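Note that the structure is a prediction, hence the values are computed from the model and not measured.
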Amino acid sequence: LLGDAAGSEKIFVNIDYLKPGGRSKKYHSHSKQEEFFYVMRGNGILRMDEKEIPVKEGDFVGKPAGKGIAHQFINNGADILQIMDFGIREEEDIEIYPDDDLILLKKQGMLFRPGDGIVDWNPDPNEE
């Protein structure tokens with residue numbers, strides 16, 4: 001957590017180490033958080049936007065915010081996959097986890113399934 005160590009409030013910088021067979025954070029997208037990834041060592045797969053893209057040392061990938069682009073790294077190699085992950089901290093970010101059908105409201109710490117909504121609710125206070 002290099003950004004935290006440097007006292008950064010707006011930008012995060014992390015170095016992730018994935019063991020062979022390991023995966024980064026579950027497949028997810030962001031509503032507001034931009035991220036960039038630099039593969040520092042090793043090789044693997046970037047699962048992004050329903051595609052599996054081979055990645056290797058020296059590759060750089062940008063992921064814009066608000067486009068619904070889900071992403072996750074998978075280490076299918078024999079060595080550690082080391083990735084520098086950096087971007088903008090966004091308190092109001094909403095994370096969507098399509099594999100688990102979950103939505104996380106980051107600031108509120110609320111996690112829910114879209115299908116768990118209230119049925120037959122009406123915002124009109126005059127309707128019965």
Side-chain angles (χ1 to χ4, degrees):
L1 303 176
L2 299 174
D4 290 348
S8 176
E9 293 180 16
K10 304 255 184 218
I11 297 171
F12 67 87
V13 181
N14 302 320
I15 297 180
D16 301 323
Y17 299 88
L18 302 179
K19 296 178 183 177
R23 295 171 180 256
S24 63
K25 187 175 178 177
K26 288 185 174 190
Y27 190 61
H28 67 286
S29 66
H30 298 276
S31 65
K32 295 186 177 208
Q33 181 175 298
E34 289 186 326
E35 285 182 285
F36 301 92
F37 307 99
Y38 177 70
V39 180
M40 299 173 70
R41 186 172 71 175
N43 57 60
I45 293 171
L46 170 58
R47 183 178 170 210
M48 188 161 90
D49 203 18
E50 294 301 330
K51 297 176 187 138
E52 291 191 355
I53 304 162
V55 293
K56 64 185 180 322
E57 184 175 324
D59 285 349
F60 177 85
V61 179
K63 190 210 60 64
K67 307 259 187 219
I69 300 173
H71 54 285
Q72 178 187 45
F73 283 92
I74 302 166
N75 185 348
N76 65 346
D79 299 313
I80 296 287
L81 177 58
Q82 184 177 340
I83 304 156
M84 182 175 285
D85 174 11
F86 48 105
I88 305 298
R89 298 178 197 258
E90 289 289 346
E91 270 188 34
E92 300 292 334
D93 192 38
I94 297 170
E95 295 181 5
I96 298 175
Y97 294 83
D99 289 348
D100 298 312
D101 194 28
L102 293 172
I103 297 174
L104 172 66
L105 303 179
K106 194 171 179 178
K107 183 176 182 177
Q108 294 82 1
M110 296 174 62
L111 182 68
F112 63 94
R113 282 195 165 72
D116 290 346
I118 297 170
V119 179
D120 296 328
W121 181 79
N122 188 331
D124 185 348
N126 301 308
E127 289 230 359
E128 294 200 23

Please confirm whether the backbone N or O of Gln33 pairs with a side-chain atom of Lys63, one donor and one acceptor, at under 3.5 Å?
yes

Between Arg47, Arg23, Lys25, which is the residue that forms a salt bridge (charged side-chain N to carboxylate O under 4.0 Å, His left out) with Asp99?
Arg47

How long is the span from the NZ atom in Lys107 to the CD1 atom in Ile94, to the nearest 0.5 Å?
12.0 Å

Can you check whether Val55 reaches Met48 side chain to side chain, under 4.5 Å on heavy atoms?
no

Heavy atoms of Pro54 and Asp59 approach each other most closely as O-OD2, 4.1 Å

So how far is it from Ser31 OG to Glu90 CD, rounded to the nearest 0.5 Å?
8.0 Å

Short side-chain to backbone donor-acceptor contact, His71 and His28, under 3.5 Å:
yes

Any chain of hydrophobic side-chain contacts (each under 4.5 Å) joining Phe36 to Tyr38?
yes

Does atom NZ of Lys106 have more than 12 heavy-atom neighbours, drawn from other residues, nucleotides or ligands, at distances under 6.0 Å?
yes

N/O donor-acceptor pair under 3.5 Å between Asp85 side chain and Phe37 backbone:
no

Pairs of donor and acceptor atoms involving the side chains of residues 74-81, under 3.5 Å and at least two apart or interchain, shall be tabulated with distances.
residue : atom : partner : partner atom : Å
Asn75   : OD1  : Gly77   : N            : 2.8
Asn75   : ND2  : Leu18   : O            : 2.8
Asn75   : ND2  : Lys19   : O            : 3.4
Asn75   : ND2  : Asp79   : O            : 2.7

So does Asp100 get a backbone contact from the side chain of Tyr27, meaning a donor-acceptor N/O pair under 3.5 Å?
no

How long is the gap from CZ on Arg113 to OH on Tyr97, to the nearest 0.5 Å?
13.0 Å

Is any side-chain heavy atom of Glu95 closer than 4.5 Å to a side-chain heavy atom of His30?
yes

Linking I/L/V/M/F/W/Y whenever their side-chain heavy atoms sit closer than 4.5 Å, directly or via other members, would Phe12 and Met84 fall into one cluster?
no

Any link between Ile15 and Ile88 through a network of hydrophobic side chains (Ile, Leu, Val, Met, Phe, Trp, Tyr) touching at under 4.5 Å?
yes

Heavy atoms only: give me the nearest Gly68-Ser29 pair and the separation to one decimal.
C-CB, 3.8 Å

Just how far is it from atom CG of Leu46 to atom CD1 of Ile53, taken to the nearest 0.5 Å?
5.0 Å

Can you get from Phe73 to Met40 by hopping between Ile, Leu, Val, Met, Phe, Trp and Tyr side chains that sit under 4.5 Å apart?
no

Counting only heavy atoms not in Ile11, do more than 12 fall under 6.0 Å of its CD1?
no

Counting neighbours of CD on Gln108 that are heavy atoms of other residues, nucleotides or ligands and sit closer than 6.0 Å, is the number greater than 12?
yes

Separation of Gln72 CD from Glu52 CD (nearest 0.5 Å)
9.5 Å

Rounded to the nearest 0.5 Å, how far does OH of Tyr17 lie from CG of Asn14?
11.0 Å

